[in-house]
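This report concerns only the one structure given below.
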Amino acid sequence: MLRIFFGADDLDRLRVAERPDMSMELSLSVHALVSGQRDPRFQAWRDELRAVWNPRTALLFDLYTPTAIPEFLAVRRDPGATESATASVPEAPLRDHLRSVGGERQLSAFARGVAAGDHRARRLLGNVTADYQTRAIDPYRRQIETIVTTEHGRRRRIAEPDRVLGSLHPAVSWRRPVLSFPLAGGCRHDVRLDGRGLLLQPCVFGPRRPVIARFEDPAQQPVLLYPARIGGPLRAEPQPTPSRTLTALLGQTRAAALEAIATHGPCSTKELAGHLDISTASASEHATVLADSGLTTKDRTGRSVTHRPTALGHALLARRIPAPDPEDGPAPGDDPA
């Protein structure tokens, strides 16, 4: 039994995540494969993944046990950034996790290399994680985002914290000030929030019962992962990606920003940051450059800024740059003759 004790301020700091945690979705999806659960919700996903399976992905299985799920696999919008971020994850959480895995079974040579900080093993970990992301997460990203944002909206309509916690999951019991639910194997554990609050994170690939994460570090807000409602099977869909030419012209992140604004727009700076998995400040900087270049426009309402593509932005994405109007005269640098 896990018991989560709320203090006087913790209910005020309870919130439901607006967007999916793609890093955790990836970790949980691997766990779904490791556990061998034949969850009908994921059967179509399994079938499609089997058709594009890379045998090297099985190296990730070495980082799991039925109860140990790594929290250091770092997913970014761009798989190349995922590779770099995962390969350079701080050693302490990685060692602590693999020490836990080693307590349940013998570590593989790959896992021992990762735990020891071996450069080749860490680079391989980043490479395998990024490759798995392109096959198992990215083709389903829009559907995952839709499921989680819908769940957030549903929970947001329930204003009272007591109702939110009381209706979270059939296995969860809420009796002020304690939230409790059974743990695997009959284990018992107590978590005291001590003013940190609690983040409720809806998950697509999560197990059928809630899971607590990031609770051991007193500086971090604990996260309660719980299964979101999935209306139908997960199906892969093609993801729009910037062309190599556009990436070379604008740079990788800025090209992705233009693509995101055209695909998901009009969108706010915060929403753009979420689509790109970057900070709001970085998203604002890229959006400003795109607007100054005439590829997007910015509409300001109060403190909120909305971005939308211009005709030139659409044309650049479609590789159709409009010819200059003859009445406009020659472009700068053109020979008027």
Non-neighbouring partners of Arg122 that pass side-chain hydrogen bond (donor to acceptor under 3.5 Å, both in side chains), sequence neighbours left out = none
Selection residues 192-230 - residue pairs positive for ring-ring contact (aromatic ring centres under 6.0 Å, His included), sequence neighbours left out | Phe42-Phe205, Trp45-Phe205, His189-Phe215
Determine whether the side chains of Arg308 and Thr306 contain a donor N or O and an acceptor N or O closer than 3.5 Å.
-> no
Between Ala213 and Glu71, which heavy-atom pair has the shortest distance, and what is it?
-> CB-OE2, 3.5 Å
Can you list every pair that meets ring-ring contact (aromatic ring centres under 6.0 Å, His included) and has a residue in residues 52-72, with sequence neighbours left out?
-> Phe72-His97
Would you mind reporting whether Leu63 and Val101 have side-chain heavy atoms less than 4.5 Å apart?
-> no
Only pairs at least two apart or in different chains count here, so list each salt bridge (charged side-chain N to carboxylate O under 4.0 Å, His left out) that has a residue in residues 268-293.
-> Glu18-Lys270, Arg141-Asp277
Can you sort out the partners of Arg155 under salt bridge (charged side-chain N to carboxylate O under 4.0 Å, His left out), two or more places apart, ordered by chain and number?
-> Glu151
Begin from the C-alpha positions of Arg56 and Asp131 and carry the test side-chain contact (heavy atoms from CB on, under 4.5 Å) through to its verdict.
-> CA-CA 9 Å; Arg56 289 205 311 169; Asp131 179 78; 5.6 Å; no
Could you walk me through whether Val204 and Arg41 pass the side-chain contact (heavy atoms from CB on, under 4.5 Å) check?
-> CA-CA 9 Å; Val204 172; Arg41 297 177 300 167; over 6 Å; no
Taking ILVMFWY side chains as joined if any heavy atoms are under 4.5 angstrom apart, and letting links pass through other members, which residues group with Phe5?
-> Val178
Within the side chain of Glu83, is there an N or O that forms a donor-acceptor pair under 3.5 Å with the backbone of Gly126?
-> no
